[in-house]
Colleague: 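First the structure, which I've put down as structure tokens, then a few questions once you've had a look.
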Amino acid sequence: MSIEIKLSRFNRIYRPDEILEGKLIARLTSAISYQSIRLTVNGAVNLQVRGGSAGVVESLYGVIKPILIVKKVVDIRSSGKIGSGITEIPFSVILKDPKEENLEKFYETFHGGNISIQYLITVDVVRGYLHKSLSATTEFIVESEKDNLPQKPVSPETVIFYITQDTQKHALLPELKSGGFRVTGKICTQCSLMDPLGGELTVEKSAIPIQSIDIHLLRVESILIGDRISTESTLMQTTQIADGDVCRGLTLPIYIILPRLLTCPTIFAGPFSIEFKVSIVITFLSDQSKQHKKVADPKAPKPWVAMECVPLELVRTM
């Protein structure tokens, strides 16, 4: 005896001004009576501060009260019976009704380390005090309303970068410091979530061989706690664009597909913000790099690694 929620769209993506519809599928070995079939839509921004990324004061707060975006309760059916076998019960609900006063702006779905923006739909078959209710919950994904999107296509904004021994703020290997290296290129700093992150890179010179070149995609989550801001930067995706030593003067393309649930439009809200960065990481071949193949924090500077970090603004387009 079980129930299941099946939404009308296989990708479960909806916009706030659209109707969320689907059907409740009940699989029963025998008929049951119920008092009501209730549908609940919950949307919230969940905030938490982990001890490793915060001070003593911030750690005391732990999980912060969620920011409620939407909460709707609708009775699909009043009292009745569901027969044995498979029964399908359709439902529909408007996420953002113009007649209602919304609690908060509908932010896009996002799953981060300290910030999570999640929308859930729950259906309960209430059977009374003597019988356990049947319940099913599923997540649906919210994207920005079309009316709030740019009317014209967003042209990617790029920045030119160069990486040398003089641009590094951490200590480098003596052979890197003396022999030198120079890597130049360009990469997007504003990109549509619908498009890949693009750019190019050229190794002009390097005193020692290159082991690999990677592009790190970072998320920067900030939470306001009292009069302080707790900020944590975490690595969420690594894309290798070169393995082994690279021919000098050869232009390498940068082409990165953005992960859907781990990214969202850049947000600057009052209690929190979600930003993104791109880091170009060049690992040089040396005896030390061979001895340290596994590093706890890939963002930590190392003597055999050169890097350049640039901000990335993500936007939603049509």
Colleague: Tell me the closest heavy-atom pair linking Ala306 and Ile163, and the distance in Å.
Modeller: CB-CG2, 4.0 Å
Colleague: Nearest 0.5 angstrom please: Lys6 NZ to Arg12 CZ, how far?
Modeller: 13.0 Å
Colleague: Looking at every heavy atom in both Gly83 and Leu28, which two are closest together, and how far apart are they?
Modeller: O-CD1, 3.7 Å
Colleague: Can you check whether Val305's main-chain N or O pairs, donor with acceptor, with His170's side chain at less than 3.5 Å?
Modeller: yes
Colleague: Using the side-chain hydrogen bond (donor to acceptor under 3.5 Å, both in side chains) rule, take Ser8 and Tyr14 through it: C-alpha gap first, then chi angles, then the decisive distance, then the call.
Modeller: CA-CA 10 Å; Ser8 59; Tyr14 295 86; 2.9 Å; yes
Colleague: Determine whether Ile121 and Leu20 make a side-chain contact, defined as any pair of heavy atoms from C-beta on separated by less than 4.5 Å.
Modeller: yes
Colleague: Just how far is it from atom CD1 of Ile19 to atom OG of Ser92, taken to the nearest 0.5 Å?
Modeller: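 With rounding to 0.5 Å, CD1 (Ile19) is 6.0 Å from OG (Ser92).
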Colleague: Under a 3.5 Å distance rule, please check whether Glu200 uses its side chain to pair with a backbone N or O of Ile254 as donor and acceptor.
Modeller: no
Colleague: Decide, yes or no, whether a salt bridge links Arg219 with Glu232 under the criterion of side-chain N to carboxylate O below 4.0 Å.
Modeller: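 Salt bridge absent between Arg219 and Glu232.
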Colleague: Any side-chain heavy-atom pair from Val125 and Ser135 closer than 4.5 angstrom?
Modeller: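 No, every pair of side-chain atoms sits at 4.5 Å or beyond.
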Colleague: Applying side chain to side chain contact (heavy atoms under 4.5 Å, CB included), run through Ser116 and Leu47 and close with a yes or a no.
Modeller: CA-CA 7 Å; Ser116 175; Leu47 309 173; over 6 Å; no
Colleague: When clusters are formed from ILVMFWY side-chain contacts under 4.5 Å, directly or step by step, what else is grouped with Ile13?
Modeller: Ile141, Leu261
Colleague: Of the non-hydrogen atoms in Ile76 and Phe91, which two are nearest, and what is the gap between them?
Modeller: CD1-CB, 3.7 Å
Colleague: Show the numbers, then the answer: is there a side chain to side chain contact (heavy atoms under 4.5 Å, CB included) between Arg127 and Ile32?
Modeller: CA-CA 8 Å; Arg127 303 177 61 195; Ile32 63 169; 3.7 Å; yes
Colleague: Establish, from distance only, whether the side-chain atoms of Thr266 and Glu313 form a donor-acceptor pair under 3.5 Å.
Modeller: no
Colleague: Mind listing the closest non-hydrogen atom pair of Arg260 and Thr109 along with its distance?
Modeller: NH1-O, 3.7 Å
Colleague: Are the side chains of Leu197 and Val278 in touch, meaning some heavy atoms are under 4.5 Å apart?
Modeller: yes
Colleague: Report the C-alpha distance between Thr251 and Thr202 in whole Å, list the side-chain angles of each, state the deciding distance to 0.1 Å, and finish with yes or no for side-chain hydrogen bond (donor to acceptor under 3.5 Å, both in side chains).
Modeller: CA-CA 5 Å; Thr251 300; Thr202 303; 3.3 Å; yes
Colleague: Ignoring hydrogens and angles, tell me if any N or O in the side chain of Gln237 forms a donor-acceptor pair with the backbone of Ile257 under 3.5 Å.
Modeller: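 The answer is yes, because a donor-acceptor pair under 3.5 Å joins these two groups.
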Colleague: Taking atom CD1 of Ile160 as the centre, does the number of heavy atoms from other residues, nucleotides or ligands within less than 6.0 Å exceed 12?
Modeller: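 Result for CD1/Ile160: open.
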Colleague: Is the side chain of Thr263 donor-acceptor paired with the backbone N or O of Leu258 at a distance under 3.5 Å, no angle test?
Modeller: no
Colleague: Salt bridge between Arg248 and Asp245, side-chain N to carboxylate O under 4.0 Å?
Modeller: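 So Arg248 pairs with Asp245 through a salt bridge.
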Colleague: Look only at the side chain of Gln168 and the backbone of Met307, and say whether a donor-acceptor pair between them is shorter than 3.5 Å.
Modeller: yes
Colleague: Considering only heavy atoms from C-beta outward, does the side chain of Ile37 approach that of Asp124 to under 4.5 Å?
Modeller: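 The answer is no; the side chains never approach within 4.5 Å.
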Colleague: Once you round to the nearest 0.5 Å, how far does CD1 of Ile3 lie from CD1 of Ile25?
Modeller: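 Nearest 0.5 Å value for the CD1-CD1 distance: 11.0 Å.
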Colleague: With hydrophobic residues grouped by side-chain heavy-atom distances under 4.5 Å, do Leu95 and Val74 end up in a single group?
Modeller: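 In one cluster with Leu95: Val74, yes.
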Colleague: Do Arg38 and Asp75 meet the salt-bridge criterion of a basic N to acidic O distance under 4.0 Å?
Modeller: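 Looking at Arg38 together with Asp75, the answer is yes, because their closest N to O distance falls below 4.0 Å.
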Colleague: Are Ser36 and Ser78 linked by a side-chain donor-acceptor pair shorter than 3.5 Å?
Modeller: no
Colleague: Keeping Glu108 on the side-chain end and Ser144 on the backbone end, is there a donor-acceptor pair under 3.5 Å?
Modeller: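 Judged by distance alone, yes, a pair lies under 3.5 Å.
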Colleague: Would you say the side chain of Thr317 lies within less than 4.5 Å of the side chain of Leu193, judging by non-hydrogen atoms?
Modeller: no
Colleague: How close do Cys264 and Phe276 get, counting heavy atoms only, and between which atoms?
Modeller: O-CE1, 3.2 Å
Colleague: Is a side-chain N or O of Glu157 found less than 3.5 angstrom from the main chain of Thr189, in a donor-acceptor match?
Modeller: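 Checking the backbone N and O of Thr189 against the side chain of Glu157, no donor-acceptor pair under 3.5 Å is found.
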Colleague: Which of parallel (below 30°), tilted (30 to 60°) and perpendicular (above 60°) describes Tyr119 and Phe140?
Modeller: tilted
Colleague: How many angstroms lie between CG in Leu39 and CD1 in Ile5, if you round to the nearest 0.5 Å?
Modeller: 7.0 Å
Colleague: What's the separation between atom CE in Met236 and atom CG in Leu217, rounded to the nearest 0.5 Å?
Modeller: 3.5 Å
Colleague: For the side chain of Glu221 and the backbone of Gly113, is there at least one donor-acceptor N/O pair under 3.5 Å apart?
Modeller: yes
Colleague: Taking the side chain as everything from C-beta on, heavy atoms only, tell me whether Pro265 gets closer than 4.5 Å to Leu314.
Modeller: no
Colleague: Does a side-chain heavy-atom distance below 4.5 Å link Ile241 with Ile215?
Modeller: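 A side-chain contact under 4.5 Å exists here.
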Colleague: When the ring centroid of Tyr107 is compared with that of Phe272, is the distance short of 6.0 Å?
Modeller: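 Under 6.0 Å, so yes.
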Colleague: Quick one: OG on Ser178 to CD1 on Ile208, what's the gap to the nearest 0.5 Å?
Modeller: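 Reported value, rounded in 0.5 Å steps: 9.0 Å.
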Colleague: Val246 vs Leu252, test: side chain to side chain contact (heavy atoms under 4.5 Å, CB included). Steps then yes/no.
Modeller: CA-CA 9 Å; Val246 178; Leu252 301 175; 3.9 Å; yes
Colleague: For a quick check under 3.5 Å, do Gln35 and His131 share a side-chain donor-acceptor pair by atom type?
Modeller: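 No.
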Colleague: Is Thr40 close to Lys71 at the side-chain level, that is, under 4.5 Å between some pair of heavy atoms?
Modeller: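 Yes; the side chains approach each other to less than 4.5 Å.
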Colleague: Tell me the salt bridge (Lys or Arg N to Asp or Glu O under 4.0 Å) pairs involving residues 201-211, sequence neighbours left out?
Modeller: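 Residue pairs passing salt bridge (Lys or Arg N to Asp or Glu O under 4.0 Å), neighbours aside: Arg182-Glu204.
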Colleague: Report the residue from Asn46, Ile223, Ile267 that forms a side-chain contact (heavy atoms from CB on, under 4.5 Å) with Ile115.
Modeller: Ile223
Colleague: So which pairs with a foot in residues 15-28 pass side-chain hydrogen bond (donor to acceptor under 3.5 Å, both in side chains), sequence neighbours left out?
Modeller: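 Non-adjacent pairs meeting side-chain hydrogen bond (donor to acceptor under 3.5 Å, both in side chains): Glu4-Arg27, Arg9-Glu18, Lys23-Glu88.
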Colleague: Might you point out which heavy atoms bring Glu308 and Phe161 nearest each other, and give the distance in Å?
Modeller: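 Answer, listing the atom of Glu308 first, then Phe161: CG-CB, 4.3 Å.
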Colleague: Is there a continuous path of hydrophobic side-chain contacts, each under 4.5 Å between heavy atoms, that joins Leu24 to Val93?
Modeller: yes
